[in-house]
Amino acid sequence: MDLLTPLGPGPRHREGLEDGAVLLRGWLGGREAAIMEAIGDIARRSPFRMLTTPGGRTMSVAMTGCGTLGWHSDRQGYRYVPVDPTTGRPWPAMPELLSDVAREAADEAGYASFAPDACLINRYAPGARLSLHQDRDEDALSEPIVSLSVGVAATFLWGGLERSSPTRRIRLDSGDVVVWGGPSRLVYHGVAALARGWHPLTGDKRFNVTFRAVRRPAPRPC
DNA sequence: AAGTCTCA
DNA sequence: GACA
């Protein structure tokens with residue numbers, strides 16, 4: 001049975017997924033519009049693009065990013081790069097609103113001092129999906145992943161440490177935040193094909209904002 | 001293989 | 001589950 005803990009008054013509450021992973025329902029609490037503004041600013045400078053996998057397939061999810069490093073994929077493989085290959089310019093800086101939300105969510109999930117250096121922004125149109133995978137291109141595997149959902153609801157696929165592990169299907173609504181790390185840091189996860197839907201802030205699309213600490217954080221003085 | 005296809 |  002999932003751990004269910006209310007987070008103050010209102011619909012916000014936490015659900016435990018497994019050791020090290022937590023779902024913060026309604027965590028964004030009305031900041032979705034401001035987050036969409038921030039995404040618009042970022043996309044004006046580093047436009048959404050559909051990346052190619054090492055196997056030569058085109059991903060259905062459109063991506064961009066911000067921070068000192070951005071995730072990139074092409075025939076050469078998956079990696080984090082300091083310059084957006086599409087524009088030849090550094091990725092846009094990470095807006096304070098986004099890093100604040102990420103740190104607060106990590107704190108709430110039990111991961112203190114989360115300081116992401118990369119923020120991947122995923123845009124799902126109807127039918128777009130992300131098949132089961134691990135986030136393993138980061139050096140700092142001791143740091144968690146923080147994932148925000150805005151817009152049309154999606155089905156999150158939450159597996160285990162092996163690709164063949166059983167997969168749970170979890171509805172993610174606009175405003176939900178998932179945090180995973182520690183023993184669940186390398187859990188396989190994905191998103192089922194986005195159903196047709198409508199959200200006042202995003203139309204028929206869903207946006208996912210995922211924060212990672214790629215480089216190991218500097219040790220903190222005692 | 002962060003995708004797609006095939007079989008039972 | 002197989003498959004670059």
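Residue numbering restarts at 1 for every chain, and letters A, B, ... go by the order of the sequence lines.
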| message | Test: salt bridge (charged side-chain N to carboxylate O under 4.0 Å, His left out). Region: residues 65-94 of chain A. Which pairs qualify, not counting sequence neighbours? | response | A:R49-A:D84, A:D74-A:R79
| said: Once hydrogens and angles are ignored, does a donor-acceptor distance under 3.5 Å link the base of B:dA2 to the side chain of A:D137? | reply: yes
| message | Students often get this wrong, so: under 4.0 angstrom with heavy atoms, is A:L132 touching a base, only sugar-phosphate, or nothing? | response | sugar-phosphate
| task | Could you give me the CA-CA distance, side-chain angles and deciding distance for A:R31 and A:E104, then say whether salt bridge (charged side-chain N to carboxylate O under 4.0 Å, His left out) is met? | result | CA-CA 13 Å; A:R31 291 175 285 188; A:E104 289 164 15; 3.0 Å; yes
| task | Check the pair A:R57, A:T52 against side-chain hydrogen bond (donor to acceptor under 3.5 Å, both in side chains), reporting the backbone distance first and the verdict last. | result | CA-CA 5 Å; A:R57 265 61 174 262; A:T52 301; over 6 Å; no
| message | How many whole angstroms separate atom CZ of A:R163 from atom P of B:dA1? | response | 10 Å
| query | Side chain of A:T64, backbone of A:S46: donor and acceptor closer than 3.5 Å? | reply | yes
| task | Mind calculating the distance between CG (A:N208) and P (B:dA2) to the nearest angstrom? | result | 16 Å
| query | To the nearest Å, how far apart are A:F156 CZ and B:dA2 C1'? | reply | 13 Å
| request: Rounded off to whole Å, could you give me the OH-to-P distance for the A:Y78 and C:dA4 pair? | output: 16 Å
| B:dA8 and B:dT4: how far apart are their P atoms, nearest whole angstrom? | 23 Å
| message | Once salt bridge (charged side-chain N to carboxylate O under 4.0 Å, His left out) is applied, do any residues pair with A:R171, and if so which ones, sequence neighbours excluded? | response | A:D173
| query | Picking from B:dA2, B:dT4, B:dA1, which would you name as closest to the side chain of A:P54? | reply | B:dA1
| said: In whole Å, I'd like the distance from the OH atom of A:Y188 to the P atom of B:dA2. | reply: 7 Å
| field | Non-neighbouring partners of A:R163 that pass salt bridge (charged side-chain N to carboxylate O under 4.0 Å, His left out), sequence neighbours left out | value | none
| query | Who pairs with A:A43 by side chain to side chain contact (heavy atoms under 4.5 Å, CB included), at least two apart in sequence or on another chain? | reply | A:F48
| task | Mind calculating the distance between CG (A:L130) and C1' (B:dT4) to the nearest angstrom? | result | 14 Å
| request: Give a yes or no answer on whether the side chain of A:S60 reaches the backbone of A:R129 with a donor-acceptor pair at less than 3.5 Å. | output: yes
| Taking atom P of B:dA2 as reference, at what distance in whole Å does atom CZ of A:R136 sit? | 10 Å
| request: Determine which bases of DNA chain C form Watson-Crick or G-U wobble pairs with both distances under 3.5 Å, and write the result as a 5' to 3' dot-bracket string with | for other-strand partners. | output: |||.
| Whole-Å gap separating C1' (B:dA1) and CZ (A:R129) | 11 Å
| said: Under 6.0 Å from the ring centre and within 45 degrees of the ring axis: does the NZ or CZ of A:R185 meet both conditions for the six-membered ring of A:W180? | reply: no
| said: Can you tell me if A:T53 touches the phosphate of B:dA2, counting only side-chain N or O atoms and a distance under 4.0 Å to OP1 or OP2? | reply: no
| task | Please state the C1' separation for the pair B:dA1 and B:dT6 - nearest whole angstrom. | result | 15 Å
| remark: Residues in residues 56-74 of chain A with a heavy atom under 4.0 Å of DNA chain B, by number, are A:R57, A:M59, A:W71
